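A quick write-up on the structure given underneath.
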Amino acid sequence: MLTSRAPLALLLAATACSGSPQQSTAAPAATQSSPTSPASSAPAPASTMAPVTSLPDDAPDATVKNVAATTGHANTKETAPPFAMQTLGQFEDPFAIAFLPDGSAFVTEKAGKIKLRRPDGSIVDITGAPKVLFDNQGGLLDIAPAPDFATSKLVYISYSEPRPGGSSLALARGLFTGTALVNLQVLWRAGSDGVGGQFGANILFAPDGKSLYLSSGERQRFTPAQDPDQAIGKILHLTLDGKPAPGNPMASAGGVRAQTWSSGHRNPYGMVFAQDGTLWEVEMGPRGGDELNLILPGKNYGWPIVSNGDNYSGKPIPDHPSRPDLEAPKLWWNPSISPGGMLYYTGAMFPEFRGNLFIGALSGEALIRVTLAGNTAKVANQYKIGERVRDVAQAPDGAIWLLEDGGKLVRLAKK
């Protein structure tokens, strides 16, 4: 576990672990937006309560004796990347990348813009993005073409939506015309409006394409991750229309509980399905304690009760083994790497990497390769990139594309 350090070091640790500077505890005064906003007939928030106007400093006091974590520690020595690296474009404060069937790629910029990089290398603006609250970690976040995009042309986006007293994570869907998103409709809102970063916001479609999973961070508020009636600090399983998916662990309970697939998450940034159908997720811990989790339905992953990291103040949090009834990560990083997006590799360019995970690291400025064997995971390499890696995607030709916080889009190919 890390120990207390000088205030400047604590500030740097907080910035690295959160993936971007810590958000103000006051409600932002202004938003940035595009001209088009979703229809007013959007659903009510998943949970309705008074807006949150301030954030706690630390996780709650421990209620159990600490039992130190002794397995799964994943920090490893950096190595040089075995790739030919080519810069493909430059963006402003980007968050996510997603490929289309023709080899084009969407890139979201947090200020509220959607860009399209075409196969010929040209980059064009796509109009019709929703209004967003662009404030540190919030803004226009993930983007995901529908499983049947080739025929439906539907695109899903997640973002921090301006709300009374602050913001909420929202999920919307629109029709892609080639130059714009039109008929944009909000499908789901987290509720629990107010201040705080750590939105999560990753969109992942089920292998059969008939439902989706949405990661919802706990907004730097700690305890809501354990509140079954708040949709923050959870992974939600929804229909393609944003309703609770049939067969969820608490489907009969209604409300947020009916939407919830798993709970006790801090800031889940990456989710993928492996070929065997297992669901894997990476999330940022506090000061250390970043996690790679095997996500199981109905399970509680412990935040903020347990973590293999500490509060930014240095106040300790019991390690995962202190509460064996809560799910422990398969791998964890302390010091922090600040995981961003994650890729399950299936491509032809690197057959030796098929079935591996690639995890972007923000503060770690690296690309981390993880091998899987059923329910177990092992770090194979930590490739030094030298820039904060925000998202990772597999191109149609099997190349690996990285989206860096500094704005560069980089292609990794065979040397």
Side-chain angles (χ1 to χ4, degrees), residues 38 43 95-108 114 116-119 126 128-130 140-159 169-178 180-188 200-216 235-248 251 259-262 268-281 295 297 341-348 354-355 357-358 391-401 403:
F95 189 87
I97 180 173
F99 279 97
L100 300 181
D102 68 354
S104 299
F106 286 127
V107 174
T108 58
I114 301 172
L116 183 71
R117 186 191 185 276
R118 292 172 171 157
I126 302 302
L140 187 60
L141 302 173
D142 204 10
I143 187 164
D148 64 349
F149 175 85
T151 54
S152 73
K153 305 302 180 186
L154 293 175
V155 176
Y156 290 73
I157 53 176
S158 62
Y159 58 102
L169 177 65
L171 176 72
R173 181 178 63 194
L175 180 68
F176 180 56
T177 67
L181 283 186
V182 299
N183 302 329
L184 198 66
Q185 177 188 10
V186 176
L187 302 176
W188 177 93
N202 193 218
I203 304 165
L204 174 68
F205 295 103
D208 65 5
K210 296 180 180 179
S211 61
L212 65 85
Y213 295 78
L214 177 67
S215 68
S216 178
I235 292 175
L236 296 315
H237 183 209
L238 307 172
T239 69
L240 298 181
D241 295 324
K243 310 299 182 187
N248 279 350
Q259 306 171 6
T260 300
W261 190 251
S262 61
Y269 263 164
M271 296 190 296
V272 296
F273 276 103
Q275 189 172 12
D276 62 3
T278 51
L279 175 58
W280 294 88
E281 170 257 15
I295 301 299
M342 179 167 62
L343 163 68
Y344 179 79
Y345 189 78
T346 61
R354 286 180 188 150
L357 302 177
F358 285 90
D391 202 12
V392 189
Q394 179 182 307
D397 65 357
I400 298 171
W401 288 23
L403 194 59

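Residues: numbered from 1 along the sequence shown. Note that this is a predicted model, so its numbers are computed, not measured.
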As an exercise, state the distance from CD of Gln259 to CG of Asn248, rounded to the nearest 0.5 Å.
8.5 Å
At what distance, to the nearest 0.5 angstrom, does CZ of Arg173 lie from CG of Asn183?
10.5 Å
Would a 4.5 Å heavy-atom cut-off, applied to side chains only, mark Leu140 and Pro130 as touching?
yes
On a heavy-atom basis, the closest approach of Glu281 and Pro268 is OE2-CB, 3.0 Å
Heavy-atom side-chain contact between Leu100 and Phe106 under 4.5 Å
yes
Say you draw a straight line from NE2 of His237 to OG1 of Thr260; how long is it, rounded to the nearest 0.5 Å?
12.0 Å
Just do the ring pair (Phe, Tyr, Trp, His ring centres under 6.0 Å) check on Tyr213 and Trp261 with the steps written out, would you?
CA-CA 8 Å; Tyr213 295 78; Trp261 190 251; 5.5 Å; yes
If you measure from CG on Asp276 to CZ on Phe273, what distance do you get to the nearest 0.5 Å?
10.5 Å
Using the test side chain to side chain donor-acceptor pair (under 3.5 Å), find all partners of Thr346 that sit at least two apart in sequence or belong to another chain.
Gln394
Of all the heavy-atom pairs spanning Trp188 and Gly242, show the shortest one and how long it is.
CD1-O, 3.9 Å
Heavy-atom closest pair, residues Ile203 and Ala144
CG2-CB, 3.9 Å
Taking the side chain as every heavy atom from C-beta outward, state whether Val107 and Trp401 have any pair of such atoms under 4.5 Å apart.
no
When you look at Leu184 and Ile157, which way does the side chain to side chain contact (heavy atoms under 4.5 Å, CB included) test go after all the steps?
CA-CA 10 Å; Leu184 198 66; Ile157 53 176; 4.2 Å; yes
For Leu357 and Leu343: C-alpha separation, side-chain torsions, deciding distance, then whether side chain to side chain contact (heavy atoms under 4.5 Å, CB included) applies.
CA-CA 6 Å; Leu357 302 177; Leu343 163 68; over 6 Å; no
Under 3.5 Å, is there a donor-acceptor pair between the side chain of Asn202 and the main chain of Met271?
yes
Closest heavy-atom pair, Ala146 versus Phe205, reported as atoms and distance to 0.1 Å, is CA-CZ, 3.9 Å
For Leu204, is there any backbone N or O sitting under 3.5 Å from a side-chain donor or acceptor partner on Tyr156?
no
Atom pair CG (Leu141) and CG (Leu171), whose distance is rounded to the nearest 0.5 Å
11.5 Å
For residues Gly200 and Ser215, report the shortest heavy-atom separation together with the two atoms involved.
C-OG, 3.6 Å
Side chain Ser211, main chain Ala245, donor-acceptor under 3.5 Å:
no
Report yes if some heavy atom in the side chain of Leu238 is under 4.5 Å from a heavy atom in the side chain of Leu187; otherwise report no.
no
Nearest 0.5 Å, please: how far is CG in Leu175 from OG1 in Thr177?
7.0 Å
For the residue pair Asp241 / Thr239, report whether a side-chain donor-acceptor contact shorter than 3.5 Å exists.
no
Do you know which two heavy atoms are closest between Pro119 and Gly103, and how far apart they sit?
CG-C, 4.0 Å
For a side chain to side chain contact (heavy atoms under 4.5 Å, CB included) check, start with the C-alpha distance between Tyr345 and Val272, then their side-chain angles and the critical distance, and finish with the verdict.
CA-CA 10 Å; Tyr345 189 78; Val272 296; over 6 Å; no
Could you check Phe176 against Ile114 for side chain to side chain contact (heavy atoms under 4.5 Å, CB included), going step by step and ending with a plain yes or no?
CA-CA 11 Å; Phe176 180 56; Ile114 301 172; over 6 Å; no
Counting distance only, does the side-chain N/O of Thr108 pair as donor-acceptor with the main-chain N or O of Asp142 below 3.5 Å?
no
Beyond-backbone contact of Leu214 with Ile235, side-chain heavy atoms, under 4.5 angstrom:
no
Counting C-beta onward and ignoring hydrogens, is there a side-chain heavy-atom pair between Pro297 and Ser262 closer than 4.5 Å?
no
Phe95 and Tyr269: ring pair (Phe, Tyr, Trp, His ring centres under 6.0 Å), yes or no, with the steps?
CA-CA 10 Å; Phe95 189 87; Tyr269 263 164; 5.8 Å; yes
